[in-house]
There are 2 protein chains.
Amino acid sequence: MHGHGNVPGMDAASEVGVDVRWSETLRTYHAVSNELEHELQAGHGLGLSDFELLKALCRCCAPDKGTVLMKDLEAEMYLSQSAFSRTVTRLEKAGFVERAACGFDRRSNFLAITDAGSERYLSAAETHRAVLDKHFG
Amino acid sequence: MHGHGNVPGMDAASEVGVDVRWSETLRTYHAVSNELEHELQAGHGLGLSDFELLKALCRCCAPDKGTVLMKDLEAEMYLSQSAFSRTVTRLEKAGFVERAACGFDRRSNFLAITDAGSERYLSAAETHRAVLDKHFG
DNA sequence: GCAACATAAATGCGCGCGCATGAGATGTCA
DNA sequence: TGACATCTCATGCGCGCGCATTTATGTTGC
């Protein structure tokens with residue numbers, strides 16, 4: 001049953017190790033992301049992708065201007081282009097983010113975080129850190 | 001900005017460490033699960049949850065009988081009860097799994113893997129291992 | 001200048017997920 | 001026994017996701 005391969009000895013052991021690493025990743029991911037999702041939603045009205053986008057926006061934008069090109073921000077995230085676009089729409093409707101036209105390329109948009117977005121992110125980040133500390137600390 | 005807490009010194013460093021562990025989990029999870037999803041779907045017509053259910057079914061059932069109570073199998077998986085139920089329905093329609101009534105509690109169902117399910121799982125497991133080896137090996 | 005191709009973002013679509021609820025079977029207790 | 005809680009599983013519903021396509025621009029080669 002076990003061992004489809006041709007190299008005997010520590011082959012099976014290393015394969016088991018790979019399995020263990022993956023199943024621990026799965027376990028950790030589901031436990032933490034489920035709790036993050038619930039806590040962020042209940043406490044701050046944010047989904048995990050919403051939070052991650054705000055986090056990346058705070059991290060990537062110039063400290064003075066607070067603005068990034070959407071495509072650059074998208075590259076920082078684990079989301080498809082369409083999911084990213086809709087997350088931006090969601091956050092814009094909530095007033096946490098603003099699209100701004102780019103002067104030299106009218107296909108592109110800048111993205112800026114609003115004051116409300118900044119405040120919401122900062123309070124959500126405390127919840128976020130608390131959950132992470134609980135699981136990893 | 002950093003450090004909302006009360007213990008100075010290595011506080012900030014440990015918090016960063018927690019962040020890094022979580023973001024690495026996120027990165028690994030997305031990279032591996034996306035590739036697993038694509039490879040399993042393209043090569044064997046199975047989603048990741050389908051595969052994980054077959055895997056748990058092979059692992060949990062008695063070696064001779066090949067059958068488990070649905071609720072027991074559900075407890076082994078990172079799926080809600082409804083998602084689990086629908087995954088079973090999907091796999092049953094595909095002919096990889098069979099529901100069987102439980103004699104002494106008519107609420108319950110046994111779940112059994114079929115020969116076709118076993119074959120499909122075994123070939124998919126090779127793809128699965130290859131992807132895992134590529135990322136972790 | 002213009003046709004062909006490339007890029008940024010939005011949108012139509014189907015799918016799998018979780019939550020809430022429903023349907024049916026079983027357990028409990030007066 | 002009858003009323004009611006509990007358990008197992010299925011289903012209605014809305015949501016966020018990725019894929020494919022569309023729309024609007026830019027860019028390149030002739």
Side-chain angles (χ1 to χ4, degrees), chain A residues 26 29-42 45-54 57 67-94 97-112, chain B residues 26 29-42 45-54 57 67-94 97-112:
Chain A
L26 267 183
Y29 173 79
H30 280 107
V32 177
S33 72
N34 281 342
E35 186 163 343
L36 279 176
E37 194 81 52
H38 281 111
E39 294 296 311
L40 291 175
Q41 192 59 253
L46 292 175
L48 185 49
S49 292
D50 299 323
F51 179 84
E52 293 289 336
L53 194 150
L54 292 177
L57 186 50
T67 199
V68 209
L69 284 173
M70 276 189 53
K71 61 159 190 152
D72 292 335
L73 192 61
E74 184 194 324
E76 293 284 312
M77 297 197 58
Y78 305 120
L79 275 183
S80 69
Q81 183 270 322
S82 64
F84 176 77
S85 172
R86 287 181 162 114
T87 302
V88 170
T89 300
R90 235 172 14 245
L91 290 169
E92 191 175 35
K93 278 180 184 162
V97 134
E98 276 175 352
R99 283 181 240 245
C102 168
F104 41 86
D105 186 345
R106 291 197 297 182
R107 293 169 302 181
S108 296
N109 279 125
F110 283 112
L111 207 62
Chain B
L26 268 183
Y29 173 79
H30 279 108
V32 177
S33 71
N34 281 342
E35 185 163 344
L36 279 176
E37 193 80 52
H38 281 111
E39 294 296 311
L40 291 175
Q41 193 59 252
L46 293 176
L48 186 49
S49 291
D50 299 323
F51 179 84
E52 292 289 336
L53 195 149
L54 292 178
L57 186 49
T67 200
V68 207
L69 284 174
M70 277 189 53
K71 62 162 188 151
D72 292 335
L73 192 61
E74 184 195 323
E76 294 284 311
M77 298 197 57
Y78 304 121
L79 276 183
S80 69
Q81 184 270 321
S82 64
F84 176 77
S85 172
R86 287 181 163 114
T87 302
V88 170
T89 300
R90 233 171 17 244
L91 290 169
E92 191 175 35
K93 278 180 184 161
V97 134
E98 277 176 351
R99 283 181 238 244
C102 168
F104 38 86
D105 185 345
R106 292 198 296 182
R107 293 169 301 183
S108 297
N109 279 124
F110 283 113
L111 206 63

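Here is how names work: the chains are called A, B, and so on, in the same order as the sequence lines, proteins then strands, and each is numbered from 1. Values in this document were obtained by computation on a predicted structure and should not be read as measured data. Computation of the quantities below employed the complete heavy-atom set of this structure, encompassing side-chain atoms and omitting hydrogens, waters and symmetry-equivalent molecules.
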Taking A/E98 for the side chain and A/A112 for the main chain, is one N or O donor matched with an acceptor at less than 3.5 Å?
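Looks like no, no N/O pair under 3.5 Å.
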For B/Q81, does its backbone N or O pair with a side-chain atom of B/S85 as donor and acceptor, under 3.5 Å?
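No: the side chain of B/S85 does not pair with the backbone of B/Q81.
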For [X] and [N], what is the distance between atoms [atom1] and [atom2] respectively, to the nearest whole Å?
| X | N | atom1 | atom2 | answer |
| --- | --- | --- | --- | --- |
| B/F110 | D/dT8 | CZ | C1' | 13 Å |
| B/D105 | C/dG27 | CG | P | 7 Å |
| A/L69 | D/dG26 | CG | P | 13 Å |
| B/N109 | C/dT26 | CG | P | 12 Å |
| A/M70 | C/dT7 | CE | P | 17 Å |
| B/K71 | D/dA10 | NZ | P | 15 Å |
| A/L73 | C/dA9 | CG | P | 10 Å |

Pairing donors with acceptors under 3.5 angstrom, does anything connect the side chains of A/R86 and A/T89?
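Not at all, the side chains of A/R86 and A/T89 share no donor-acceptor pair under 3.5 Å.
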Output one letter per nucleotide in nucleotides 11-18 of chain C: B when a protein non-hydrogen atom lies under 4.0 Å from the base, S when only the sugar-phosphate is that close, - when neither is.
BBB--SSB
Indicate yes or no: at least one non-hydrogen side-chain atom of A/F110 is less than 4.5 angstrom from one of A/L69.
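SC-SC contact between A/F110 and A/L69 confirmed.
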Should the pair A/Y29 and B/Y29 be assigned to parallel (<30°), tilted (30 to 60°) or perpendicular (>60°) ring geometry?
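The rings of A/Y29 and B/Y29 lie parallel, inter-plane angle below 30°.
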Within the modelled atom types, does a donor on one side and an acceptor on the other bring the side chain of B/R107 and the base of D/dC7 under 3.5 Å apart?
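Such a pair exists between side chain and base.
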Just N and O in the side chain of A/R106: are any of them under 4.0 Å from OP1 or OP2 of C/dA9?
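The answer is no; no side-chain N or O of A/R106 sits under 4.0 Å from OP1 or OP2.
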Which heavy-atom pair separates A/N109 from A/A101 by the least distance, and what is that distance?
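For A/N109 and A/A101, the tightest heavy-atom pair comes out as ND2-CA, 3.8 Å.
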